[in-house]
Amino acid sequence: MQLDNVLYIETPEGSDLALHPAGSGVRIYAYAIDLLIKTAVTIVVSIVLGLAGGLGSGLFLILFFLLQWFYPVWFEVWRDGRTPGKKRAGLRVLSGDGTPVTFSASMIRNLLRAVDFLPVFYVAGVLCMVFDRNFRRLGDLAADTLVVYVQAAAEPPQVAANGSLPIPPGLSAEDQRALLAFAERTRDLSPERQAELADVLGPILPPGDPVMTIQKMANGIVGRL
Amino acid sequence: MKQTQFEALYAEQWRRFAGYLKKLESGSNLRKRDGLEENDYNEFARLYRRVCHYHALARDRDYSVYLIDRLADLVVRGHQQFYRRRTVFADAFLRFFVAEFPQLVRREISFVSLATALLYLPALALLLAVLWQPTLVYAMMSVEQVQNFEAMYNPANDHFGSARDAETNWHMFGFYIQNNIGVAFRTFASGLVWGLGSVFFLVFNGLAFGAVAGHLTTVGFHQPFYSFVIGHGSFELTAIVIAGAAGLKLGYSLLAPGSQSRLASLRQAAGVAIKLIYGVILMLTLAAFVEAFWSSSGYISFATKYWGGVLLWVLVLAYLALGGRRGAE
(Lines give C-alpha, C1' and ligand atoms only; values in the text may rest on other atoms or scores of the structure.)
Protein backbone atom coordinates (compact mmCIF):
# COMPACT_ATOMS: atom_id res chain seq x y z
CA MET A 1 0.00 0.00 0.00
CA GLN A 2 1.34 3.37 -1.00
CA LEU A 3 1.25 5.95 1.74
CA ASP A 4 2.72 8.63 -0.46
CA ASN A 5 0.21 10.18 -2.85
CA VAL A 6 2.44 11.34 -5.65
CA LEU A 7 0.47 12.26 -8.73
CA TYR A 8 2.10 11.25 -12.00
CA ILE A 9 1.06 13.25 -15.02
CA GLU A 10 2.19 12.15 -18.43
CA THR A 11 3.20 15.05 -20.61
CA PRO A 12 2.89 15.11 -24.40
CA GLU A 13 6.62 14.43 -24.55
CA GLY A 14 6.08 11.18 -22.71
CA SER A 15 7.70 12.32 -19.48
CA ASP A 16 6.13 11.61 -16.12
CA LEU A 17 5.81 14.70 -14.00
CA ALA A 18 5.72 13.89 -10.30
CA LEU A 19 3.50 16.30 -8.38
CA HIS A 20 2.99 16.17 -4.63
CA PRO A 21 -0.49 17.45 -3.70
CA ALA A 22 -0.65 19.34 -0.43
CA GLY A 23 -2.97 18.25 2.35
CA SER A 24 -5.46 20.22 4.41
CA GLY A 25 -3.13 21.00 7.30
CA VAL A 26 -0.54 22.94 5.34
CA ARG A 27 -3.22 24.59 3.21
CA ILE A 28 -4.96 25.82 6.36
CA TYR A 29 -1.63 27.19 7.53
CA ALA A 30 -1.15 29.07 4.24
CA TYR A 31 -4.71 30.37 4.44
CA ALA A 32 -4.14 31.63 7.99
CA ILE A 33 -1.15 33.67 6.85
CA ASP A 34 -3.15 35.13 3.97
CA LEU A 35 -5.98 35.96 6.35
CA LEU A 36 -3.58 37.83 8.63
CA ILE A 37 -2.22 39.81 5.70
CA LYS A 38 -5.68 40.67 4.44
CA THR A 39 -6.81 41.76 7.91
CA ALA A 40 -3.74 43.91 8.41
CA VAL A 41 -4.19 45.60 5.03
CA THR A 42 -7.89 46.14 5.74
CA ILE A 43 -7.17 47.80 9.07
CA VAL A 44 -4.49 50.07 7.64
CA VAL A 45 -6.62 51.07 4.66
CA SER A 46 -9.66 51.70 6.82
CA ILE A 47 -7.69 54.04 9.06
CA VAL A 48 -6.23 55.96 6.13
CA LEU A 49 -9.48 56.21 4.19
CA GLY A 50 -11.50 56.94 7.30
CA LEU A 51 -10.08 60.43 7.12
CA ALA A 52 -11.48 61.05 3.64
CA GLY A 53 -15.19 61.18 4.39
CA GLY A 54 -17.76 59.68 2.06
CA LEU A 55 -15.42 59.27 -0.86
CA GLY A 56 -12.95 57.51 1.40
CA SER A 57 -15.49 55.14 2.86
CA GLY A 58 -16.78 54.33 -0.61
CA LEU A 59 -13.27 53.57 -1.79
CA PHE A 60 -12.67 51.49 1.29
CA LEU A 61 -15.73 49.37 0.59
CA ILE A 62 -14.60 48.77 -2.97
CA LEU A 63 -11.08 47.87 -1.86
CA PHE A 64 -12.47 45.59 0.81
CA PHE A 65 -14.59 43.86 -1.81
CA LEU A 66 -11.61 43.42 -4.13
CA LEU A 67 -9.45 42.12 -1.30
CA GLN A 68 -12.12 39.71 -0.18
CA TRP A 69 -12.73 38.02 -3.53
CA PHE A 70 -9.80 38.79 -5.81
CA TYR A 71 -6.71 38.80 -3.58
CA PRO A 72 -6.00 35.12 -4.39
CA VAL A 73 -6.86 35.54 -8.07
CA TRP A 74 -4.23 38.24 -8.59
CA PHE A 75 -1.49 36.20 -6.99
CA GLU A 76 -2.45 32.92 -8.62
CA VAL A 77 -2.56 34.28 -12.14
CA TRP A 78 0.22 36.86 -12.10
CA ARG A 79 2.56 35.75 -9.36
CA ASP A 80 3.25 32.17 -10.29
CA GLY A 81 0.31 30.60 -8.53
CA ARG A 82 1.53 31.56 -5.07
CA THR A 83 -0.17 33.93 -2.66
CA PRO A 84 2.12 35.19 0.11
CA GLY A 85 0.68 32.57 2.46
CA LYS A 86 1.27 29.77 -0.02
CA LYS A 87 4.75 31.04 -0.73
CA ARG A 88 5.58 30.87 2.94
CA ALA A 89 4.17 27.37 3.20
CA GLY A 90 6.00 26.21 0.06
CA LEU A 91 2.85 25.58 -1.98
CA ARG A 92 1.67 26.44 -5.43
CA VAL A 93 -1.57 26.36 -7.41
CA LEU A 94 -1.39 24.52 -10.74
CA SER A 95 -3.86 23.41 -13.38
CA GLY A 96 -4.77 19.75 -13.26
CA ASP A 97 -2.37 18.95 -16.06
CA GLY A 98 0.62 20.53 -14.38
CA THR A 99 0.60 23.80 -16.30
CA PRO A 100 0.24 27.18 -14.58
CA VAL A 101 -3.28 28.12 -13.60
CA THR A 102 -5.42 30.14 -16.03
CA PHE A 103 -7.51 33.20 -15.20
CA SER A 104 -10.85 31.40 -15.60
CA ALA A 105 -9.76 28.51 -13.42
CA SER A 106 -8.54 30.87 -10.72
CA MET A 107 -11.82 32.79 -10.79
CA ILE A 108 -13.86 29.60 -10.52
CA ARG A 109 -11.89 28.19 -7.61
CA ASN A 110 -11.99 31.48 -5.71
CA LEU A 111 -15.64 32.33 -6.26
CA LEU A 112 -16.58 28.85 -5.15
CA ARG A 113 -14.96 29.58 -1.80
CA ALA A 114 -18.45 30.74 -0.84
CA VAL A 115 -19.57 27.11 -1.00
CA ASP A 116 -16.41 25.68 0.54
CA PHE A 117 -16.97 27.98 3.48
CA LEU A 118 -20.31 26.40 4.35
CA PRO A 119 -21.64 25.83 6.94
CA VAL A 120 -18.89 27.58 8.91
CA PHE A 121 -15.13 28.10 8.55
CA TYR A 122 -14.53 26.00 5.44
CA VAL A 123 -15.89 22.77 6.91
CA ALA A 124 -17.26 21.67 3.53
CA GLY A 125 -13.95 22.45 1.85
CA VAL A 126 -11.86 20.59 4.42
CA LEU A 127 -14.15 17.55 4.29
CA CYS A 128 -13.88 17.49 0.53
CA MET A 129 -10.08 17.68 0.80
CA VAL A 130 -9.99 14.83 3.25
CA PHE A 131 -11.98 12.55 0.98
CA ASP A 132 -10.27 13.38 -2.28
CA ARG A 133 -7.17 11.49 -3.37
CA ASN A 134 -5.42 14.66 -4.43
CA PHE A 135 -6.62 16.87 -1.57
CA ARG A 136 -8.86 19.04 -3.74
CA ARG A 137 -11.58 21.18 -2.25
CA LEU A 138 -14.87 21.90 -4.08
CA GLY A 139 -13.40 24.91 -5.87
CA ASP A 140 -10.43 22.82 -7.04
CA LEU A 141 -12.71 20.07 -8.33
CA ALA A 142 -14.78 22.47 -10.39
CA ALA A 143 -11.83 24.45 -11.73
CA ASP A 144 -9.53 21.46 -12.30
CA THR A 145 -6.70 22.89 -10.21
CA LEU A 146 -4.28 21.35 -7.75
CA VAL A 147 -2.34 22.76 -4.84
CA VAL A 148 1.07 21.10 -4.79
CA TYR A 149 4.30 21.35 -2.90
CA VAL A 150 6.96 23.27 -4.72
CA GLN A 151 9.86 20.92 -5.27
CA ALA A 152 13.07 22.75 -4.65
CA ALA A 153 16.01 21.48 -6.63
CA ALA A 154 17.69 18.74 -4.64
CA GLU A 155 20.78 19.83 -2.74
CA PRO A 156 23.48 17.19 -2.55
CA PRO A 157 23.67 15.91 1.00
CA GLN A 158 26.66 16.84 3.15
CA VAL A 159 28.29 13.71 4.48
CA ALA A 160 31.26 13.31 6.76
CA ALA A 161 32.98 10.58 4.82
CA ASN A 162 35.43 11.25 2.03
CA GLY A 163 35.76 9.15 -1.05
CA SER A 164 33.09 7.17 -2.82
CA LEU A 165 32.14 3.59 -3.35
CA PRO A 166 30.02 1.99 -6.06
CA ILE A 167 26.55 0.92 -4.98
CA PRO A 168 25.73 -2.79 -4.88
CA PRO A 169 24.11 -4.02 -8.09
CA GLY A 170 20.36 -4.46 -8.23
CA LEU A 171 19.38 -1.54 -6.05
CA SER A 172 16.23 0.21 -7.27
CA ALA A 173 15.70 3.97 -7.34
CA GLU A 174 13.74 3.72 -4.07
CA ASP A 175 16.66 1.97 -2.41
CA GLN A 176 19.11 4.57 -3.67
CA ARG A 177 16.90 7.29 -2.24
CA ALA A 178 16.87 5.48 1.08
CA LEU A 179 20.67 5.47 1.10
CA LEU A 180 20.78 9.17 0.26
CA ALA A 181 18.22 9.95 2.96
CA PHE A 182 20.28 8.02 5.52
CA ALA A 183 23.39 9.94 4.53
CA GLU A 184 21.51 13.24 4.89
CA ARG A 185 20.17 12.42 8.32
CA THR A 186 23.30 11.10 9.95
CA ARG A 187 23.71 14.47 11.62
CA ASP A 188 20.39 14.09 13.39
CA LEU A 189 20.90 10.54 14.56
CA SER A 190 22.97 9.33 17.47
CA PRO A 191 25.96 7.12 16.59
CA GLU A 192 24.27 4.09 18.14
CA ARG A 193 21.17 4.62 16.06
CA GLN A 194 23.26 5.15 12.92
CA ALA A 195 25.04 1.84 13.50
CA GLU A 196 21.77 0.10 14.24
CA LEU A 197 20.23 1.27 10.97
CA ALA A 198 23.35 0.65 8.90
CA ASP A 199 23.61 -2.90 10.22
CA VAL A 200 20.31 -3.72 8.48
CA LEU A 201 22.22 -3.59 5.22
CA GLY A 202 25.19 -5.50 6.63
CA PRO A 203 24.84 -8.62 4.48
CA ILE A 204 25.07 -6.78 1.16
CA LEU A 205 27.73 -4.24 2.05
CA PRO A 206 31.47 -4.75 1.50
CA PRO A 207 33.49 -5.24 4.71
CA GLY A 208 34.18 -2.18 6.78
CA ASP A 209 32.25 0.27 8.96
CA PRO A 210 28.67 0.16 7.57
CA VAL A 211 27.93 3.78 8.37
CA MET A 212 30.99 5.05 6.51
CA THR A 213 30.33 2.63 3.67
CA ILE A 214 26.81 3.92 3.15
CA GLN A 215 27.99 7.50 3.28
CA LYS A 216 30.62 6.80 0.68
CA MET A 217 28.00 5.14 -1.47
CA ALA A 218 25.90 8.29 -1.10
CA ASN A 219 28.86 10.25 -2.40
CA GLY A 220 28.95 7.88 -5.33
CA ILE A 221 25.27 8.40 -6.08
CA VAL A 222 25.66 12.14 -5.94
CA GLY A 223 28.68 12.03 -8.15
CA ARG A 224 31.16 13.37 -5.65
CA LEU A 225 34.47 11.63 -6.05
CA MET B 1 26.67 3.90 -21.53
CA LYS B 2 28.12 4.65 -18.12
CA GLN B 3 26.66 7.47 -16.17
CA THR B 4 29.83 9.55 -16.11
CA GLN B 5 30.03 9.34 -19.86
CA PHE B 6 26.38 10.25 -20.17
CA GLU B 7 26.87 13.30 -17.99
CA ALA B 8 30.02 14.37 -19.81
CA LEU B 9 28.28 14.22 -23.17
CA TYR B 10 25.13 16.12 -22.30
CA ALA B 11 25.87 18.32 -19.29
CA GLU B 12 26.46 21.28 -21.56
CA GLN B 13 22.93 21.07 -22.99
CA TRP B 14 21.42 20.79 -19.51
CA ARG B 15 23.36 23.84 -18.42
CA ARG B 16 22.08 25.86 -21.37
CA PHE B 17 18.53 24.71 -20.78
CA ALA B 18 18.76 25.69 -17.11
CA GLY B 19 19.96 29.12 -18.23
CA TYR B 20 16.91 29.58 -20.47
CA LEU B 21 14.63 28.46 -17.67
CA LYS B 22 16.13 30.95 -15.31
CA LYS B 23 15.55 33.79 -17.74
CA LEU B 24 11.96 32.71 -18.42
CA GLU B 25 11.14 32.30 -14.76
CA SER B 26 12.47 35.68 -13.82
CA GLY B 27 10.37 37.44 -16.46
CA SER B 28 7.02 38.56 -15.08
CA ASN B 29 3.80 37.29 -16.55
CA LEU B 30 2.61 40.78 -17.32
CA ARG B 31 5.07 41.44 -20.11
CA LYS B 32 4.53 39.73 -23.41
CA ARG B 33 8.21 39.19 -24.04
CA ASP B 34 10.36 37.98 -21.24
CA GLY B 35 14.02 37.33 -21.11
CA LEU B 36 14.60 35.35 -24.29
CA GLU B 37 15.65 36.52 -27.71
CA GLU B 38 13.57 35.63 -30.75
CA ASN B 39 15.68 32.66 -31.98
CA ASP B 40 16.13 31.35 -28.47
CA TYR B 41 12.52 30.20 -28.38
CA ASN B 42 13.10 27.51 -30.99
CA GLU B 43 16.29 26.48 -29.24
CA PHE B 44 14.37 26.28 -25.96
CA ALA B 45 11.76 24.03 -27.51
CA ARG B 46 14.39 21.73 -28.99
CA LEU B 47 16.29 21.50 -25.75
CA TYR B 48 13.10 20.85 -23.77
CA ARG B 49 12.27 17.78 -25.84
CA ARG B 50 15.87 16.58 -25.56
CA VAL B 51 15.90 17.01 -21.79
CA CYS B 52 12.68 14.98 -21.55
CA HIS B 53 14.40 12.29 -23.56
CA TYR B 54 17.53 12.32 -21.37
CA HIS B 55 15.36 12.10 -18.27
CA ALA B 56 13.61 9.05 -19.66
CA LEU B 57 16.97 7.50 -20.58
CA ALA B 58 18.40 8.12 -17.13
CA ARG B 59 15.39 6.49 -15.50
CA ASP B 60 15.47 3.55 -17.83
CA ARG B 61 19.19 2.92 -17.33
CA ASP B 62 18.91 3.21 -13.55
CA TYR B 63 21.45 5.98 -13.22
CA SER B 64 21.88 7.59 -9.86
CA VAL B 65 18.77 8.95 -8.25
CA TYR B 66 20.42 12.30 -7.81
CA LEU B 67 20.89 12.72 -11.55
CA ILE B 68 17.34 11.57 -12.28
CA ASP B 69 15.96 14.09 -9.80
CA ARG B 70 17.97 16.90 -11.31
CA LEU B 71 16.72 16.09 -14.78
CA ALA B 72 13.16 15.70 -13.44
CA ASP B 73 13.41 19.19 -11.98
CA LEU B 74 14.42 20.55 -15.39
CA VAL B 75 11.54 18.69 -17.02
CA VAL B 76 8.95 20.03 -14.57
CA ARG B 77 10.12 23.60 -14.87
CA GLY B 78 10.42 23.29 -18.64
CA HIS B 79 6.89 21.90 -18.85
CA GLN B 80 5.52 24.85 -16.95
CA GLN B 81 7.25 27.38 -19.14
CA PHE B 82 6.56 25.55 -22.38
CA TYR B 83 2.82 25.11 -21.84
CA ARG B 84 2.18 28.41 -20.16
CA ARG B 85 -0.95 30.14 -21.39
CA ARG B 86 -0.85 33.89 -21.62
CA THR B 87 -4.06 35.81 -20.94
CA VAL B 88 -3.83 38.89 -23.10
CA PHE B 89 -6.57 41.03 -21.77
CA ALA B 90 -7.28 44.04 -23.89
CA ASP B 91 -8.75 42.55 -27.07
CA ALA B 92 -10.27 39.52 -25.36
CA PHE B 93 -12.04 41.87 -22.94
CA LEU B 94 -13.67 43.96 -25.64
CA ARG B 95 -14.60 41.01 -27.81
CA PHE B 96 -16.13 39.27 -24.84
CA PHE B 97 -18.41 42.07 -23.79
CA VAL B 98 -19.44 43.16 -27.26
CA ALA B 99 -20.28 39.76 -28.70
CA GLU B 100 -19.47 36.73 -26.61
CA PHE B 101 -21.43 37.56 -23.47
CA PRO B 102 -24.84 38.16 -25.14
CA GLN B 103 -24.32 35.05 -27.26
CA LEU B 104 -23.61 33.09 -24.12
CA VAL B 105 -26.72 34.40 -22.39
CA ARG B 106 -28.83 33.39 -25.36
CA ARG B 107 -27.22 29.96 -25.48
CA GLU B 108 -28.09 29.37 -21.82
CA ILE B 109 -31.60 30.74 -22.28
CA SER B 110 -33.21 27.79 -20.53
CA PHE B 111 -31.33 28.48 -17.29
CA VAL B 112 -31.85 32.23 -17.67
CA SER B 113 -35.60 31.73 -18.12
CA LEU B 114 -35.79 29.50 -15.08
CA ALA B 115 -33.86 32.03 -13.01
CA THR B 116 -36.13 34.82 -14.25
CA ALA B 117 -39.17 32.86 -13.18
CA LEU B 118 -37.64 32.09 -9.79
CA LEU B 119 -36.97 35.76 -9.16
CA TYR B 120 -40.03 37.48 -10.59
CA LEU B 121 -42.86 35.04 -9.89
CA PRO B 122 -42.40 35.05 -6.10
CA ALA B 123 -41.99 38.84 -6.27
CA LEU B 124 -45.23 39.22 -8.19
CA ALA B 125 -47.02 36.77 -5.95
CA LEU B 126 -46.03 38.53 -2.77
CA LEU B 127 -46.67 41.96 -4.25
CA LEU B 128 -50.25 41.00 -5.01
CA ALA B 129 -50.62 39.25 -1.68
CA VAL B 130 -49.45 42.30 0.26
CA LEU B 131 -51.70 44.57 -1.76
CA TRP B 132 -54.61 42.32 -0.88
CA GLN B 133 -53.59 41.75 2.78
CA PRO B 134 -51.22 44.54 3.88
CA THR B 135 -50.30 42.85 7.15
CA LEU B 136 -48.63 40.01 5.21
CA VAL B 137 -45.51 42.12 4.85
CA TYR B 138 -44.73 41.39 8.50
CA ALA B 139 -44.47 37.71 7.64
CA MET B 140 -41.41 38.51 5.56
CA MET B 141 -39.70 41.15 7.65
CA SER B 142 -39.73 42.69 11.10
CA VAL B 143 -41.39 45.95 12.08
CA GLU B 144 -38.04 47.75 12.26
CA GLN B 145 -37.11 46.67 8.74
CA VAL B 146 -40.45 47.84 7.37
CA GLN B 147 -40.03 51.20 9.09
CA ASN B 148 -36.51 51.38 7.66
CA PHE B 149 -37.83 50.97 4.14
CA GLU B 150 -40.52 53.57 4.74
CA ALA B 151 -37.87 56.01 5.91
CA MET B 152 -35.76 55.30 2.82
CA TYR B 153 -38.50 55.95 0.31
CA ASN B 154 -40.46 58.72 1.95
CA PRO B 155 -41.39 61.18 -0.80
CA ALA B 156 -40.29 64.00 1.47
CA ASN B 157 -36.65 62.81 1.45
CA ASP B 158 -33.75 64.47 -0.31
CA HIS B 159 -32.11 61.18 -1.04
CA PHE B 160 -33.73 57.82 -1.55
CA GLY B 161 -32.59 54.33 -0.82
CA SER B 162 -30.43 55.28 2.11
CA ALA B 163 -31.56 55.83 5.67
CA ARG B 164 -28.53 57.73 6.84
CA ASP B 165 -28.39 61.48 6.39
CA ALA B 166 -24.79 62.45 5.92
CA GLU B 167 -23.74 59.78 3.44
CA THR B 168 -22.36 60.78 0.13
CA ASN B 169 -22.97 59.07 -3.17
CA TRP B 170 -19.46 57.66 -3.29
CA HIS B 171 -19.96 55.80 -0.08
CA MET B 172 -23.17 54.28 -1.41
CA PHE B 173 -21.42 53.39 -4.65
CA GLY B 174 -18.80 51.47 -2.71
CA PHE B 175 -21.48 49.88 -0.57
CA TYR B 176 -23.51 48.70 -3.56
CA ILE B 177 -20.39 47.24 -5.17
CA GLN B 178 -19.39 45.35 -2.08
CA ASN B 179 -22.87 44.18 -1.15
CA ASN B 180 -24.54 43.42 -4.47
CA ILE B 181 -21.63 41.76 -6.23
CA GLY B 182 -20.99 39.72 -3.09
CA VAL B 183 -24.61 38.54 -3.13
CA ALA B 184 -24.33 37.70 -6.82
CA PHE B 185 -21.18 35.64 -6.20
CA ARG B 186 -22.90 33.75 -3.41
CA THR B 187 -25.95 33.15 -5.58
CA PHE B 188 -23.65 31.66 -8.20
CA ALA B 189 -21.42 29.65 -5.87
CA SER B 190 -24.27 28.15 -3.86
CA GLY B 191 -25.60 26.65 -7.08
CA LEU B 192 -22.98 23.96 -6.54
CA VAL B 193 -25.28 22.41 -3.95
CA TRP B 194 -27.28 20.80 -6.76
CA GLY B 195 -28.76 24.18 -7.66
CA LEU B 196 -30.55 24.57 -4.34
CA GLY B 197 -28.53 27.54 -3.14
CA SER B 198 -29.27 29.56 -6.25
CA VAL B 199 -32.95 28.69 -6.03
CA PHE B 200 -32.98 29.84 -2.43
CA PHE B 201 -31.27 33.15 -3.15
CA LEU B 202 -33.48 33.94 -6.13
CA VAL B 203 -36.74 33.06 -4.45
CA PHE B 204 -35.83 34.79 -1.20
CA ASN B 205 -34.78 37.99 -2.93
CA GLY B 206 -37.89 37.86 -5.08
CA LEU B 207 -40.15 37.48 -2.06
CA ALA B 208 -38.41 40.30 -0.21
CA PHE B 209 -38.63 42.55 -3.21
CA GLY B 210 -42.31 41.79 -3.71
CA ALA B 211 -43.11 42.37 -0.05
CA VAL B 212 -41.34 45.72 0.06
CA ALA B 213 -42.91 46.81 -3.23
CA GLY B 214 -46.36 45.80 -2.07
CA HIS B 215 -46.05 47.52 1.25
CA LEU B 216 -44.69 50.77 -0.13
CA THR B 217 -47.48 50.84 -2.68
CA THR B 218 -50.11 50.46 0.03
CA VAL B 219 -48.68 53.35 2.06
CA GLY B 220 -48.45 55.51 -1.02
CA PHE B 221 -44.66 55.65 -1.37
CA HIS B 222 -44.72 54.00 -4.78
CA GLN B 223 -43.40 57.01 -6.70
CA PRO B 224 -39.99 57.19 -4.97
CA PHE B 225 -39.66 53.42 -4.82
CA TYR B 226 -40.45 52.45 -8.41
CA SER B 227 -38.57 55.36 -9.90
CA PHE B 228 -35.60 54.36 -7.75
CA VAL B 229 -35.73 50.73 -8.80
CA ILE B 230 -36.42 51.09 -12.48
CA GLY B 231 -33.23 53.04 -13.13
CA HIS B 232 -30.64 50.55 -12.05
CA GLY B 233 -32.98 47.58 -11.93
CA SER B 234 -32.35 46.92 -15.60
CA PHE B 235 -28.73 46.11 -14.79
CA GLU B 236 -29.07 44.77 -11.29
CA LEU B 237 -32.10 42.51 -11.59
CA THR B 238 -30.86 41.12 -14.90
CA ALA B 239 -27.43 40.51 -13.40
CA ILE B 240 -28.89 38.68 -10.42
CA VAL B 241 -30.93 36.56 -12.80
CA ILE B 242 -27.83 35.70 -14.83
CA ALA B 243 -25.84 34.91 -11.70
CA GLY B 244 -28.66 32.63 -10.60
CA ALA B 245 -28.71 31.03 -14.04
CA ALA B 246 -24.97 30.36 -13.78
CA GLY B 247 -25.49 28.73 -10.40
CA LEU B 248 -28.36 26.64 -11.72
CA LYS B 249 -26.13 25.50 -14.55
CA LEU B 250 -23.56 24.27 -12.03
CA GLY B 251 -26.20 22.43 -10.06
CA TYR B 252 -27.78 20.89 -13.12
CA SER B 253 -24.42 19.60 -14.32
CA LEU B 254 -24.27 17.54 -11.13
CA LEU B 255 -27.85 16.36 -11.34
CA ALA B 256 -27.84 15.38 -15.00
CA PRO B 257 -24.29 14.80 -16.19
CA GLY B 258 -25.44 13.03 -19.33
CA SER B 259 -22.83 10.67 -20.71
CA GLN B 260 -19.95 12.29 -18.78
CA SER B 261 -18.77 11.67 -15.26
CA ARG B 262 -20.17 14.14 -12.76
CA LEU B 263 -16.77 15.73 -12.30
CA ALA B 264 -16.21 16.25 -16.02
CA SER B 265 -19.71 17.60 -16.41
CA LEU B 266 -19.16 20.02 -13.53
CA ARG B 267 -15.88 21.25 -14.96
CA GLN B 268 -17.41 21.88 -18.34
CA ALA B 269 -20.35 23.74 -16.83
CA ALA B 270 -18.08 25.76 -14.53
CA GLY B 271 -15.97 26.90 -17.47
CA VAL B 272 -19.06 28.32 -19.17
CA ALA B 273 -20.75 29.63 -16.03
CA ILE B 274 -17.74 31.68 -14.95
CA LYS B 275 -17.94 33.61 -18.21
CA LEU B 276 -21.51 34.55 -17.37
CA ILE B 277 -20.20 35.86 -14.06
CA TYR B 278 -17.74 38.16 -15.84
CA GLY B 279 -20.73 39.84 -17.46
CA VAL B 280 -22.54 39.90 -14.11
CA ILE B 281 -19.64 41.78 -12.53
CA LEU B 282 -19.72 44.45 -15.22
CA MET B 283 -23.48 44.83 -15.06
CA LEU B 284 -23.51 45.15 -11.29
CA THR B 285 -20.75 47.75 -11.39
CA LEU B 286 -22.87 49.80 -13.78
CA ALA B 287 -25.89 49.19 -11.57
CA ALA B 288 -24.01 50.46 -8.54
CA PHE B 289 -23.01 53.57 -10.40
CA VAL B 290 -26.56 54.30 -11.55
CA GLU B 291 -27.98 53.44 -8.16
CA ALA B 292 -25.62 55.69 -6.24
CA PHE B 293 -25.58 58.70 -8.51
CA TRP B 294 -28.86 58.70 -10.38
CA SER B 295 -31.58 56.63 -8.77
CA SER B 296 -31.12 57.93 -5.28
CA SER B 297 -31.07 61.58 -6.16
CA GLY B 298 -34.02 63.63 -4.95
CA TYR B 299 -33.30 66.37 -7.44
CA ILE B 300 -34.26 64.43 -10.55
CA SER B 301 -37.99 64.35 -11.18
CA PHE B 302 -39.87 61.10 -10.98
CA ALA B 303 -40.93 61.34 -14.60
CA THR B 304 -37.33 61.69 -15.74
CA LYS B 305 -36.35 58.69 -13.68
CA TYR B 306 -39.15 56.60 -15.13
CA TRP B 307 -38.25 57.45 -18.72
CA GLY B 308 -34.55 56.96 -18.03
CA GLY B 309 -35.28 53.60 -16.48
CA VAL B 310 -37.43 52.48 -19.40
CA LEU B 311 -34.67 53.48 -21.78
CA LEU B 312 -32.10 51.48 -19.83
CA TRP B 313 -34.36 48.43 -19.77
CA VAL B 314 -34.79 48.65 -23.54
CA LEU B 315 -31.03 48.98 -23.98
CA VAL B 316 -30.20 46.04 -21.74
CA LEU B 317 -32.77 43.74 -23.30
CA ALA B 318 -31.73 44.78 -26.81
CA TYR B 319 -28.06 44.15 -25.91
CA LEU B 320 -28.80 40.66 -24.66
CA ALA B 321 -31.17 39.80 -27.48
CA LEU B 322 -29.23 41.25 -30.37
CA GLY B 323 -25.62 41.59 -29.25
CA GLY B 324 -23.12 39.57 -31.27
CA ARG B 325 -25.71 38.34 -33.72
CA ARG B 326 -24.11 39.57 -36.91
CA GLY B 327 -21.77 37.05 -38.47
CA ALA B 328 -21.12 34.73 -35.58
CA GLU B 329 -24.40 32.83 -35.49
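Any value given below was found using the heavy atoms of this structure, including those in side chains, with hydrogens, waters and symmetry copies removed. Per chain, numbering begins at 1; letters A, B, ... match sequence-line order.
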Should we count CZ of A/Arg185 as having more than 12 external heavy atoms under 6.0 Å? no
Roughly how far, to the nearest 0.5 Å, is CZ of B/Phe173 from CG of A/Leu61? 11.0 Å
Would you call B/Ile274 and A/Leu111 a side-chain contact if the rule is heavy atoms closer than 4.5 Å? yes
Just checking A/Phe117: does its CZ atom have more than 12 heavy atoms from other residues, nucleotides or ligands closer to it than 6.0 angstrom? yes
To the nearest 0.5 Å, what is the distance between CD1 on A/Ile108 and CZ on B/Phe188? 6.5 Å
Selection from B/Ala273, B/Ala270, B/Ala264 maximising heavy-atom pairs under 4.5 Å formed with chain A: B/Ala270
Rounded distance (nearest 0.5 Å) linking atom CG of A/Leu63 with atom CD of B/Gln178: 11.5 Å
In terms of heavy-atom pairs under 4.5 Å with chain B, the winner among A/Leu66, A/Asp97, A/Leu19, A/Leu118 is A/Asp97
Toward chain A, the part of B/Leu250 with a non-hydrogen atom under 4.5 Å: side chain
Using a 4.5 angstrom heavy-atom cutoff, name the option from B/Ile181, B/Asp62, B/Ile277, B/Val193 with the most pairs to chain A. B/Ile181
Which region of A/Ile9, side chain (C-beta onward) or backbone (N, CA, C, O), has a non-hydrogen atom less than 4.5 Å from a non-hydrogen atom of chain B, or is it both or neither? neither
Pairwise distance NE2(B/His171) to CD1(A/Ile62) - rounded to 0.5 angstrom: 11.0 Å
Under 4.5 Å from any heavy atom of chain A, what part of B/Leu71 do you find: side chain, backbone, both or neither? neither
Most heavy-atom pairs under 4.5 angstrom with chain A, which of B/Arg186, B/Gln268, B/His55, B/Glu7? B/Arg186
Top contributor to chain A contacts, counting heavy-atom pairs under 4.5 Å, from B/Leu74, B/Leu266, B/Asn179: B/Leu266
Hey, which of A/Leu141, A/Thr11, A/Leu94, A/Val101 has the most heavy atom pairs under 4.5 Å with chain B? A/Leu141
Measure from the side-chain N and O atoms of A/Glu13 to the backbone N and O of B/Cys52, and report whether any donor-acceptor pair falls under 3.5 Å. no
Would you mind reporting whether A/Gln176 and B/Ile68 have side-chain heavy atoms less than 4.5 Å apart? no
Above 12 or not: heavy atoms from other molecules or residues under 6.0 Å from NE2 of B/His53? no
Is the B/Phe185 ring parallel, tilted or perpendicular to the A/Trp69 ring (thresholds 30°, 60°)? perpendicular
side-chain hydrogen bond (donor to acceptor under 3.5 Å, both in side chains) contacts touching residues 136-147 of chain A (sequence neighbours left out): A/Arg27-A/Asp140, A/Arg109-A/Asp140, A/Arg109-A/Thr145, A/Asp116-A/Arg137, A/Asp132-A/Arg136, A/Asp140-A/Thr145, A/Asp144-B/Arg267
Between B/Ala189 and A/Leu112, what is the shortest heavy-atom contact and its length? CA-CD2, 3.6 Å
For the CZ atom on B/Phe204, are there more than 12 heavy atoms of other groups (residues, nucleotides or ligands in this structure) within a distance under 6.0 Å? no
Counting only heavy atoms from other residues, nucleotides and ligands, does the tally under 6.0 Å from CZ of B/Phe289 exceed 12? no
Within the 4.5 Å heavy-atom criterion, are B/Tyr83 and A/Ser95 side-chain neighbours or not? no
In Å and rounded to the nearest 0.5 Å, what is the CD1 to CZ distance from B/Ile177 to A/Phe64? 14.0 Å
Taking atom NZ of A/Lys38 as the centre, report whether more than 12 heavy atoms of other residues, nucleotides or ligands fall under 6.0 Å from it. yes
Using non-hydrogen atoms only, which part of B/Tyr278 is less than 4.5 Å away from chain A: side chain, backbone, both, or neither? side chain
Rounded distance (nearest 0.5 Å) linking atom OG of A/Ser57 with atom CE of B/Met172: 9.5 Å
